[in-house]
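All of these numbers come straight from a predicted model, not from anything done at the bench.
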Protein chains: 2
Amino acid sequence: MLQKKTKYAIKALLTLAKEYKEQKPIQISKIAETEKIPRKFLEAILLELRNQGIVGSRMGATGGYYLSKHPEEIMLSTIIRSTGGPIALLPCVSLNFYESCAECVNEETCGLRDVVLEVREASIKILSKTSLADIIKRENKLIKKFKV
Amino acid sequence: MLQKKTKYAIKALLTLAKEYKEQKPIQISKIAETEKIPRKFLEAILLELRNQGIVGSRMGATGGYYLSKHPEEIMLSTIIRSTGGPIALLPCVSLNFYESCAECVNEETCGLRDVVLEVREASIKILSKTSLADIIKRENKLIKKFKV
DNA sequence: CAAATATACTATTAAATTAGTAGGAATTAA
DNA sequence: TTAATTCCTACTAATTTAATAGTATATTTG
């Protein structure tokens with residue numbers, strides 16, 4: 001399961017994406033309000049996303065956060081990883097959060113690992129081709145669909 | 001990520017599967033030892049698996065646990081669900097652990113949910129066609145592969 | 001039947017992770 | 001210079017997960 005932190009991050013980034021215009025900052029408080037995210041928590045999350053290079057910021061009055069890339073270039077897999085959420089089901093198949101299993105005699109011949117690897121591939125295939133822009137597109141399609 | 005509990009469950013069930021013979025019980029302590037799982041914790045896990053109908057048990061001397069079905073019929077998805085591990089990335093797309101998102105105005109038109117649904121489908125497709133027997137088969141294949 | 005050996009069950013504790021808060025420093029625009 | 005904003009560090013609270021303790025109940029075997 002994704003952490004709340006990750007979900008908040010995605011929602012916040014979607015807000016930035018919807019009003020995307022290069023370097024145009026939006027304030028934390030505005031995002032927190034529209035997305036119903038605890039203000040201070042969001043502050044911490046955006047700071048982290050900034051350190052990861054996903055968003056940029058401007059300090060001072062009229063400051064705020066903005067996407068550092070076009071919404072088409074920011075992938076869901078990147079966001080999940082940047083906010084600490086491993087995608088894999090077991091640490092032994094995680095690229096970014098790898099850890100070997102204490103009990104495993106031989107990782108290479110572990111049948112469970114083999115399956116879990118497949119699951120990871122399938123998940124990453126979807127998550128790494130889906131951008132913020134894609135999510136917004138999907139949203140619009142769904143709205144149309146349910147209006148009819 | 002799968003919980004340790006789930007991983008222990010899978011390992012324990014694989015042990016039972018490898019020595020499978022209808023209704024032939026194996027003791028907790030033996031499984032705990034070969035799989036390096038804390039004895040008492042495993043006890044609790046097996047009890048749960050029993051209440052879920054995945055294993056059967058016999059009390060008293062010479063008692064123990066045994067698979068209630070053939071290893072080919074026990075699927076990874078079932079084990080994960082039975083030990084409390086949701087497969088979906090968000091509760092709003094989980095079949096067995098469903099919960100709506102507090103902030104979501106309309107679930108049906110949520111773009112993120114739409115993507116996460118796809119990921120779930122892909123994962124379940126693999127996990128629900130993989131049985132204990134399949135995992136063992138994979139293991140044997142891998143052993144052969146790495147021997148050469 | 002008694003002793004030994006299992007699981008069944010309930011309750012509790014410990015550890016780890018995740019979520020959220022507090023408060024002041026630094027920066028910028030007006 | 002003031003107001004508005006992000007930056008940063010350190011905490012605290014809440015929740016979840018992992019593990020343990022101890023007793024009750026059932027079963028086999030001598």
[X] has a side chain; which of [options] sits nearest to it?
X	options	value
R39(A)	dT6(D), dG20(C), dA18(D)	dT6(D)
R50(A)	dC7(D), dT28(D), dA8(C)	dC7(D)
E43(A)	dC8(D), dA19(D), dG22(D)	dC8(D)
K40(B)	dG22(D), dA18(D), dC9(C)	dG22(D)
Y65(A)	dT21(C), dT6(D), dA29(C)	dT6(D)

Using a cut-off of less than 4.0 Å, is there contact between a side-chain N or O of [X] and OP1 or OP2 of [N]?
X	N	answer
K4(B)	dA19(D)	yes
S57(B)	dA8(C)	yes
Q27(B)	dA6(C)	no
Q3(B)	dA18(D)	yes

> Is it true that the side chains of E35(B) and T15(B) contain a donor and an acceptor less than 3.5 Å apart?
Replying inline: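 On atom types as modelled, these side chains qualify, holding a pair under 3.5 Å.
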> Just by distance, with hydrogens left out, do T6(B) and T83(B) show a side-chain donor and acceptor under 3.5 Å apart?
Replying inline: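 Yes, because at least one side-chain N or O of T6(B) sits under 3.5 Å from a partner of the opposite role on T83(B).
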> DNA chain D: G84(B) or T62(B), which has the more 5' nearest nucleotide?
Replying inline: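 Looking at the nearest nucleotide for each, G84(B) comes out on the 5' side.
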In whole angstroms, how far is the [atom2] atom of [N] from the [atom1] atom of [X]?
X	N	atom1	atom2	result
M1(B)	dT18(C)	CE	P	10 Å
L42(B)	dA8(C)	CG	C1'	14 Å
K30(B)	dT7(C)	NZ	P	13 Å
F41(A)	dT15(D)	CZ	P	14 Å
F97(B)	dT16(D)	CZ	P	13 Å
K11(A)	dA19(C)	NZ	C1'	17 Å
L46(A)	dG20(C)	CG	P	15 Å
I80(B)	dT17(D)	CD1	P	14 Å

Electrostatic pair [X]:[Y] at N-O distance under 4.0 angstrom:
X	Y	result
K18(B)	E139(B)	yes
E33(A)	K30(A)	no
E118(B)	K125(A)	no

> Which part of the nucleic acid, if any, lies within reach of G64(B) when heavy atoms closer than 4.0 Å are counted: base, sugar-phosphate only, or nothing?
Replying inline: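 Answer is sugar-phosphate: G64(B) comes under 4.0 Å of backbone atoms only.
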>> Here's a test of your reading of the structure: between M59(B) and L2(A), which maps to the more 5' nucleotide of DNA chain C?
In response: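 Nearest nucleotide further toward 5': that of M59(B).
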>> Return whichever of I28(B) or R58(A) has its heavy-atom-nearest nucleotide of DNA chain C closer to the 5' end.
In response: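 Looking at the nearest nucleotide for each, I28(B) comes out on the 5' side.
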> Should I28(B) and R39(B) count as side-chain neighbours, where that means a heavy-atom distance under 4.5 Å?
Replying inline: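 The answer is yes, as the side chains (C-beta and beyond) meet within the 4.5 Å cut-off.
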